[in-house]
Amino acid sequence: LEMQVNYQTESDIKPNKVLIENILNGKCDIVFNDDIKESEESVIDEHGETSKRIKYTFNSYRIQTNYRESLETELKNDNNIEIWLSKLRKDYYNQKAQEVREKRNELLKETDAEMCLDRMGLKIPEGSTFSSWITFFKDLGKAISGDMAKYRQELRDITKQAGFPYNVVFPVNPSTKEESEEQ
């Protein structure tokens with residue numbers, strides 16, 4: 001189901017909950033407007049006069065589906081509208097979540113090599129005594145708890161952000177930070 005979504009759309013005109021548009025060749029577009037909120041704002045005109053104006057904000061979902069004669073009657077029922085909207089919200093959530101996870105996975109993949117032991121600059125000790133290995137273990141501890149490890153954990157935790165998946169802030173790669181500070 002292909003869907004166009006516009007979040008926090010604004011209008012001076014109160015939107016209908018549902019519109020059927022573009023009926024052609026047995027197909028049509030259905031626009032669902034959800035979470036419609038009315039607010040009042042002050043507007044200053046060209047003469048410097050202040051007036052009040054009503055503004056509507058809403059989320060808009062547009063899908064294309066097969067047209068049928070009963071569709072208009074079906075979409076006059078609030079329960080049916082809620083069934084459609086519930087599916088659209090879920091599909092959109094899943095789509096956005098998938099996009100975020102794909103980006104996160106790509107960023108993790110880009111840094112995989114930096115977390116390999118042979119890339120961490122660790123020197124394997126030659127002796128077999130504990131004292132010969134203590135520096136190695138200290139360096140290993142620093143490497144696996146360093147900035148890159150923290151960055152990778154932040155990437156893995158991205159799904160725990162309050163705005164997930166609609167408003168996600170990706171962490172900054174520490175090697176990118178270092179490059180920009182050097183310039």
Side-chain angles (χ1 to χ4, degrees), residues 1-25 27-68 70-107 110 147 150-151 153-183:
L1 187 67
E2 193 170 319
M3 169 178 19
Q4 294 175 345
V5 179
N6 293 311
Y7 261 51
Q8 297 301 301
T9 303
E10 292 186 6
S11 177
D12 295 342
I13 301 166
K14 184 175 183 176
N16 294 329
K17 276 186 176 181
V18 180
L19 293 168
I20 299 174
E21 300 179 334
N22 305 325
I23 302 170
L24 185 64
N25 298 326
K27 299 274 186 192
C28 68
D29 290 344
I30 305 177
V31 179
F32 293 90
N33 295 312
D34 185 31
D35 198 21
I36 301 169
K37 294 182 180 134
E38 181 180 311
S39 61
E40 191 174 83
E41 65 181 7
S42 296
V43 180
I44 300 173
D45 66 16
E46 66 272 3
H47 305 294
E49 301 290 321
T50 302
S51 62
K52 299 285 184 193
R53 145 184 114 126
I54 303 291
K55 177 176 85 170
Y56 299 92
T57 57
F58 53 96
N59 302 326
S60 181
Y61 301 85
R62 175 183 292 271
I63 60 166
Q64 188 177 68
T65 190
N66 293 325
Y67 182 76
R68 56 192 176 278
S70 63
L71 189 58
E72 290 181 42
T73 305
E74 181 182 328
L75 293 174
K76 287 182 181 174
N77 180 314
D78 284 341
N79 288 335
N80 290 340
I81 293 171
E82 191 50 43
I83 290 168
W84 282 77
L85 273 170
S86 178
K87 180 174 178 5
L88 293 172
R89 285 185 212 112
K90 180 180 173 191
D91 289 352
Y92 186 60
Y93 177 92
N94 290 336
Q95 175 188 334
K96 294 302 287 181
Q98 181 64 27
E99 289 170 11
V100 170
R101 285 185 182 104
E102 285 173 4
K103 181 175 180 183
R104 183 242 356 240
N105 293 345
E106 193 60 38
L107 292 171
E110 288 172 7
D147 289 342
K150 289 175 185 165
Y151 167 72
Q153 187 58 51
E154 288 173 359
L155 286 172
R156 286 189 288 275
D157 291 342
I158 212 138
T159 59
K160 297 176 183 173
Q161 288 186 14
F164 178 83
Y166 308 109
N167 188 16
V168 172
V169 178
F170 281 89
V172 177
N173 183 327
S175 61
T176 307
K177 265 194 240 180
E178 291 165 10
E179 289 171 11
S180 65
E181 289 171 4
E182 291 173 4
Q183 294 175 357

Rounded at 0.5 Å granularity, tell me how far [atom1] in [X] sits from [atom2] in [Y].
{"X": "Tyr61", "Y": "Tyr7", "atom1": "OH", "atom2": "OH", "result": "3.5 Å"}
{"X": "Ile63", "Y": "Leu88", "atom1": "CD1", "atom2": "CG", "result": "5.0 Å"}
{"X": "Arg53", "Y": "Asp45", "atom1": "CZ", "atom2": "CG", "result": "12.5 Å"}
{"X": "Phe164", "Y": "Thr159", "atom1": "CZ", "atom2": "OG1", "result": "5.5 Å"}
{"X": "Glu2", "Y": "Asp91", "atom1": "CD", "atom2": "CG", "result": "12.5 Å"}
{"X": "Tyr92", "Y": "Gln95", "atom1": "OH", "atom2": "CD", "result": "6.5 Å"}

Report the residues that fulfil salt bridge (Lys or Arg N to Asp or Glu O under 4.0 Å) with [X], sequence neighbours left out, ordered by chain and then residue number.
{"X": "Lys76", "value": "none"}
{"X": "Lys55", "value": "Glu10, Glu41"}
{"X": "Arg62", "value": "Glu21, Asp29"}
{"X": "Arg101", "value": "none"}

Under 3.5 Å, is there a donor-acceptor pair between the Lys52 and Ser42 side chains? yes

With sequence neighbours excluded, tell me which residues meet side-chain hydrogen bond (donor to acceptor under 3.5 Å, both in side chains) with Ser39. none

Not counting sequence neighbours, which residues clear side-chain hydrogen bond (donor to acceptor under 3.5 Å, both in side chains) with Lys14? List them please. none

List the atom of Ile36, the atom of Tyr56, and the distance in Å for their closest heavy-atom pair. CG2-CD2, 4.3 Å

Atom of Asn59, atom of Gln8 and distance for their closest heavy-atom approach: OD1-N, 3.1 Å

Is [Y] close to [X] at the side-chain level, that is, under 4.5 Å between some pair of heavy atoms?
{"X": "Asp35", "Y": "Phe58", "value": "no"}
{"X": "Ile30", "Y": "Trp84", "value": "yes"}
{"X": "Tyr67", "Y": "Leu24", "value": "no"}
{"X": "Glu106", "Y": "Glu110", "value": "yes"}
{"X": "Ile158", "Y": "Val168", "value": "yes"}
{"X": "Lys27", "Y": "Asn66", "value": "yes"}
{"X": "Ile83", "Y": "Lys87", "value": "no"}
{"X": "Gln64", "Y": "Asn22", "value": "no"}

Salt bridge or not for Glu82 and Arg89, using N-O below 4.0 Å? yes

Just by modelled atom types, is the Asn80 backbone N or O under 3.5 Å from a matching donor or acceptor in the Asn77 side chain? yes

Taking the side chain from Asn33 and the backbone from Ser60, do they hold a donor-acceptor pair closer than 3.5 Å? no

Quick one, Phe170 with Leu155, criterion side chain to side chain contact (heavy atoms under 4.5 Å, CB included). Give me CA distance, side-chain angles, the key distance, then yes/no. CA-CA 7 Å; Phe170 281 89; Leu155 286 172; 4.1 Å; yes

Test salt bridge (Lys or Arg N to Asp or Glu O under 4.0 Å) applied to Lys96 and Glu99, step by step: CA-CA 5 Å; Lys96 294 302 287 181; Glu99 289 170 11; 3.4 Å; yes

Candidate pair Leu107 and Lys103, rule side chain to side chain contact (heavy atoms under 4.5 Å, CB included), full reasoning: CA-CA 6 Å; Leu107 292 171; Lys103 181 175 180 183; 4.3 Å; yes

